[in-house]
Each structure stands twice: as C-alpha cells, then as structure tokens.
Amino acid sequence: MKTSKISVTDYHQRSKHRLQQYANGPDGLDWASQANPFREFTGCLQIALPLATQQFNTRFADLYQRNTVPSATPDAQTIGALFELAMGLSAWKVSGHTRWALRNNPSSGNLHPTESYLITTGINNIAAGVYHYHSYLHCLEQRCAFATAPPADSLLIGLSSIHWREAWKYGERAYRYCQHDVGHAIAAFSYAAATLGWQVEVLAPCSDQHINTLLGLNRSDDFNNAEHETADVLLHIHSRAEHTPVNIDELASRAQQGNWHGQANCLSPQSHIDWPVIDDISHTCIKPQTNSERWHPPQLPDLISCPSTAQASSIIQQRRSAQAFDGISTLPLENFYRMLDCVLPRQNTPPFDSLLCAPRIHLVIFVHRVAGLESGLYVLARSANGEKNLRENLSADFDWIKADTTAEHLALYQLASGNSQNAARVISCHQEIAADSVFSLGMLAEFDSNIEHTPWQYRQLFWEAGIIGQALYLEAEAANVRATGIGCYFDDSLHEMLGIENTSLQSMYHFTVGTAIMDERLVTEPAYIHLKNRN
Ligand SMILES: Cc1cc2nc3c(=O)[nH]c(=O)nc-3n(C[C@H](O)[C@H](O)[C@H](O)COP(=O)(O)O)c2cc1C
C-alpha cells in the first residue's frame with residue numbers, strides 16, 4: 001500500500017462537515033460495489049457456538065457491581081454468549097423485498113466495518129489458537145492452530161477494521177466512523193463480559209505490529225484480492241483484578257509458528273473508488289509499542305440507582321437506534337442524572353474500566369425536555385482537568401451555573417438557558433432526531449498539539465467517544481427511552497457556538513436520546529432464524 005504523509009490535524013480539518021460543504025465523499029451510492037457485511041475465511045475448521053444468552057440471568061443493574069456477578073467458566077457456551085452479546089445479530093428487518101441484519105453493536109450506516117477475533121491458549125472444545133468470529137453463522141473460524149500451548153492462560157479479543165465498508169458510503173470521513181465503531185465494540189465486549197462476571201481491558205502497550213501478527217492481518221496471501229483489515233486493538237478478558245499479565249511477544253511468536261488456514265472472501269465484487277486519504281491517516285496513526293501507565297479513576301459515590309430490573313442480555317439485545325422521536329415526551333430528572341453518572345469512569349465498572357486512561361472527552365448537552373431542568377445549553381466535565389480546559393476555552397459569556405443535583409460529584413453546569421432545538425438540529429446536519437429528543441449532545445475532546453507526537457491517540461479519542469455512546473445507548477434502553485449515535489454534524493458550527501477559537505477542544509461525536517416513534521412498515525424477524533435447526 002503506497003501512502004502519502006498526512007498529519008492528524010490536516011486529516012481532522014479535511015474530514016469536517018461544514019455548513020457550506022460536506023467532507024469529500026461519493027456523489028451517489030454505487031450499490032453494485034457495496035461490501036458484503038459478513039467476512040468469512042473459507043477452508044477453516046468451523047466451531048459452531050451455542051445461542052445461549054438467555055441462560056445468563058445477570059440483571060443489567062448488577063453489571064455495575066462486579067462482585068455480585070459470579071465469574072463464569074470460559075467454555076463454548078460462555079464464549080458463544082460473549083460474542084453474541086457483543087458482536088452477534090440482534091434482529092432482521094424486512095421492508096418489501098429488502099432484508100437486512102442488525103447487530104448488538106451499532107455501526108454508522110449499519111455498515112459494520114469491525115471484525116472480531118478470539119485468541120485463546122486453549123479452553124474446553126476450543127484448542128489454543130486464533131479464531132475469526134463469523135457473526136452470521138455465529139461460529140468461530142480457526143485461522144491459526146498454535147503448535148504448542150503457551151505456558152500462561154490467556155483469553156484475548158482482537159478487533160480490526162475494513163475501512164472500505166464505511167468509505168463506500170462516507171468517503172474521507174469514514175476513517176472517523178470506523179474508529180467510533182471500534183469504541184462501541186470495546187464497550188459492547190465490556191458489557192457482554194460483565195454479564196459473565198468477566199472484565200475487559202485494552203492492552204494499551206501493544207503495537208499494531210503485534211496485532212497484525214496475532215490476527216494474521218499481515219498474511220497477504222490469505223487476503224489475496226480480498227479487502228484487507230487494519231489492526232485496531234487487543235482486549236484482555238479476565239475474571240479477577242489479580243490476573244496473570246499477558247505476554248504478547250510470547251503469543252505473537254506462537255502465532256508466527258502456528259498452522260494458518262483460510263482465505264478471506266472478497267467483499268465487493270466490483271472495483272473500488274479509492275479514498276487514498278484513509279490509507280494515509282491510517283498509516284499516520286499506526287501505533288508503536290508503548291509503556292502506558294495505568295490510570296486510576298477517582299473514588300466516586302455509588303452510581304445513582306438503575307431504573308430497570310431487566311436482565312442484562314435483554315437490554316443489550318433490545319438496543320436499537322431511534323430513527324425518529326416524538327418531540328413531546330419528557331425524561332425524568334433522575335434518569336437524566338443516572339445517564340450522566342454512567343459516563344463517568346469508575347474503578348472496576350464497565351465500560352470505562354476497559355480503557356485505562358484519564359477522560360479526555362466532555363459533553364456539551366442541549367437539554368430540550370428533562371422534567372424539572374430548565375431547557376438550555378449545559379456542559380458535563382468528566383474530569384477536573386477537563387473542567388479547567390473547558391472554562392479556559394469556551395466563550396467568557398457563559399453563565400457556568402452548577403446544576404442543583406443531589407449527585408454533587410456531577411460537574412454539570414448550565415451555560416445558557418433557552419430553547420436550543422434549532423441549534424441542535426442544524427449542527428447535526430439538519431437531522432430532526434437532534435431536536436425532537438429529550439436531550440442531544442456533542443462530545444468535545446481535549447485535542448492538543450501533543451496529538452502530532454502520538455498520532456495513534458487520535459484513534460483513542462474516537463474510541464472513548466464510542467464507549468460513551470454505547471453506555472448511553474444501553475442506559476437509554478434501561479430508562480425506557482432510545483438513543484442514536486450522530487456521526488453527521490458540522491464540527492466548526494458547534495465550536496463557533498461555544499466560542500472555541502483554536503483546536504484545543506474538538507467535537508468528536510454527537511448523540512441524541514428520546515422517546516422513539518417506531519416505523520410500523522418494517523417487519524422484524526428473530527436474529528438467528530436462519531440457524532433455528534442448528535442447536
Ligand atoms: C458512529 C455512528 C454514527 C452514526 N451516525 C448516525 C447519524 O448521523 N444519523 C442517524 O440517524 N443514525 C446514525 N447512527 C445510527 C446507525 O445508523 C445505526 O447504528 C445503524 O443503522 C444500525 O442500527 P441499530 O443501531 O439499530 O443496530 C450512527 C451510529 C454510529 C455507531
């Protein structure tokens with residue numbers, strides 16, 4: 001792959017949507033070249049996984065109290081539940097002759113660029129090796145069998161992206177959406193693991209070269225004419241705080257010496273329109289091995305109580321993006337505060353214990369209809385440092401009135417009062433869902449000059465935003481409302497509204513929550529109806 005040099009800042013500026021002009025993308029959609037959403041490797045041993053999520057009756061509320069959920073034993077049943085809850089299908093939608101699958105993890109445009117892998121040192125019925133998860137067949141494809149099992153037990157998840165799946169529709173901005181989707185997938189694994197009494201941790205020091213070797217992404221003959229996958233992240237799954245550290249070099253060397261199988265399928269039958277800037281920024285953001293220091297979140301009071309008594313698997317599998325909101329209903333204040341409380345990192349609490357770095361994303365909230373809270377523009381700082389940064393860089397005209405909440409630790413401030421529906425709609429590429437909701441928000445990242453020295457951190461900012469998004473998606477379901485991620489927004493319109501005059505704070509993602517109006521024309525079919533005779 002030949003690439004040209006591009007800086008993070010140049011890519012970020014270039015991929016902004018602006019009121020006057022959207023970022024470079026295709027003029028229309030070439031349906032013939034849309035990528036197959038299901039990657040498979042032909043010629044591999046397939047291990048069918050049970051569809052067994054209903055057997056785990058952890059309550060959603062208990063996910064946040066790890067000690068109350070006993071650790072399940074890793075086996076085909078629990079690994080099946082882990083992958084199904086994180087990356088499996090959630091339903092089929094049918095409209096006339098068109099039928100498409102939805103998944104438990106959301107994805108921009110439902111294009112699902114993220115692929116997932118299991119790396120195991122051997123568990124019951126799953127031999128030591130590397131496996132690709134095939135979400136349509138709910139099975140593992142054995143890519144690599146380790147010749148000998150490594151000495152220490154490890155269970156890892158690997159994520160990679162097929163950028164073309166998103167670039168087909170979104171052109172140059174697609175790289176951002178792929179990173180958001182990785183964030184959602186990290187959180188989806190974190191919640192799925194918590195349902196089984198396990199914990200997920202991003203293996204922060206690991207390099208992309210490690211990931212390429214372990215997942216076999218650098219085995220060019222196995223991809224031949226098929227679309228390549230780009231390394232994203234490795235997740236360590238474990239059951240206790242004191243666990244054996246992962247020896248990545250050891251695992252990578254087993255993978256190098258292992259027996260590899262399988263040929264990746266070609267996803268687009270037609271030739272592609274190229275978006276070279278995506279390869280360029282991807283190259284700029286390659287991560288070397290690092291010595292990341294573990295970050296410890298501050299001690300916070302217990303979470304505001306959960307409004308739902310439902311099972312975790314039900315909340316996870318019922319999650320959907322709203323396509324329209326009623327524009328009338330209000331959200332109880334307690335539920336609003338609970339959602340904000342859930343996006344603060346806490347020790348041993350999913351999903352933020354998966355990414356152990358200090359929060360760099362803060363929320364600017366358009367409050368439309370929260371009972372007992374004046375409509376207007378609010379800000380939630382997710383760290384003390386973030387609050388300082390916001391105070392220094394937002395317009396000096398803002399009020400900064402601390403919200404009168406019983407949850408004192410929420411650094412929630414009213415910046416201005418009044419109806420902000422129109423501003424929210426316009427900033428979110430004129431999408432009504434940002435205005436008809438009970439609240440919508442923008443995620444402001446601490447985006448400083450350091451990013452050019454550690455460009456791979458650009459990816460992590462989107463991941464953090466995606467993790468916040470996944471927490472909001474599930475919390476919305478638990479509060480009997482619905483959410484939608486918003487990747488289409490006019491970046492600088494938000495910055496201008498807030499009086500931000502430099503690049504110290506940049507908007508990375510938007511989100512909206514409200515009472516959904518269902519599209520009754522769509523028929524819903526069960527997720528694994530095509531496998532009903534298998535188990
Ligand atoms: C990163 C990201 C950006 C998204 N942007 C938008 C958006 O701008 N507008 C919208 O209506 N939906 C948006 N969505 C919602 C997706 O369209 C939705 O996740 C996808 O269609 C799958 O449906 P599901 O979430 O119900 O499973 C976004 C989702 C993600 C994860």
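Read the numbers this way: they start at 1 and go in the same order the structure lists the ligands and their atoms.
Only the side chain of Leu102 comes within 4.0 Å of ligand 1, judged by heavy-atom distances. At a 4.0 Å heavy-atom cut-off, ligand 1 touches His180 through the side chain alone. If you look at Ser107 next to ligand 1, the close heavy atoms, those under 4.0 Å, all belong to the backbone. Contacts between His510 and ligand 1, counted as non-hydrogen atom pairs separated by less than 4.0 Å, are absent for every part of the residue. If you look at His184 next to ligand 1, the close heavy atoms, those under 4.0 Å, all belong to the side chain.
Close to ligand 1: Arg319, with a non-hydrogen atom less than 4.0 angstrom away.
Annotation: atom 15 (C) of ligand 1 to nearest protein heavy atom, Ser321 OG, 3.5 Å. Residue, atom and distance of the protein heavy atom nearest to atom 28 (C) of ligand 1 are Gly485 O, 3.2 Å. Scanning all protein heavy atoms for the shortest distance to atom 21 (O) of ligand 1 gives Asn110 CB, 3.5 Å.
For ligand 1 and Gly109, the ligand atoms under 4.0 Å from any heavy atom of the residue are 17 (O). Ligand-side atoms of ligand 1 in range of Cys488: 8 (O), range being under 4.0 angstrom from any heavy atom. If you number the atoms of ligand 1 from 1 as listed, the ones under 4.0 Å from a heavy atom of Arg103 come out as 27 (O). Of all the atoms in ligand 1, the ones that sit under 4.0 Å from a non-hydrogen atom of Gly487 are 3 (C), 4 (C), 5 (N), 6 (C), 7 (C), 8 (O). Residue contact check: Asp181 has heavy atoms under 4.0 Å from atoms 1 (C), 31 (C) of ligand 1.
To the nearest 0.5 angstrom, Asn389 atom CG is 5.0 Å from Glu446 atom CD.
Of the charged side-chain nitrogens involved, none lies within less than 4.0 Å of a carboxylate oxygen, so that Arg320 and Glu477 do not count as a salt-bridged pair. Look at Arg346 and Asp341 and you find a salt bridge, because one of the NZ, NE, NH1 or NH2 atoms lies within 4.0 Å of a carboxylate O, short of that distance. The existence of a salt bridge linking Arg39 and Glu229 is confirmed by a sub-4.0 Å separation between a basic side-chain nitrogen and an acidic carboxylate oxygen. Under a 4.0 Å N-O distance rule, the pair Asp208/Arg459 qualifies as a salt bridge. A salt bridge is defined here as a Lys NZ or Arg NE, NH1 or NH2 lying under 4.0 Å from an Asp or Glu carboxylate O, and Asp491 with Arg176 meets this definition.
Tyr175 and Tyr458 have parallel rings, their planes meeting at less than 30° on a 0 to 90° scale where 60° marks the start of perpendicular.
For Gln323, the CD atom counts as loosely surrounded, since its 6.0 Å shell holds 12 or fewer non-hydrogen atoms of other residues, nucleotides or ligands. A 6.0 Å sphere centred on CG of Asp27 holds no more than 12 heavy atoms belonging to other residues, nucleotides or ligands.
When the heavy-atom distances from atom 2 (C) of ligand 1 to Tyr509, Phe511, Tyr177 are ranked, the shortest goes to Tyr509. Of the candidates Arg482, Gln431, Gln470, Arg320, the one placing a heavy atom closest to atom 9 (N) of ligand 1 is Gln431.
Side-chain atoms of Lys287 and Gln460 form no donor-acceptor pair, as typed in the model, at a separation below 3.5 Å. Glu40 and His134 share a donor-acceptor pair across their side chains, judged by distance under 3.5 Å alone.
Polar contact check, Pro106 against ligand 1: no nitrogen or oxygen pair lies under 3.5 Å apart.
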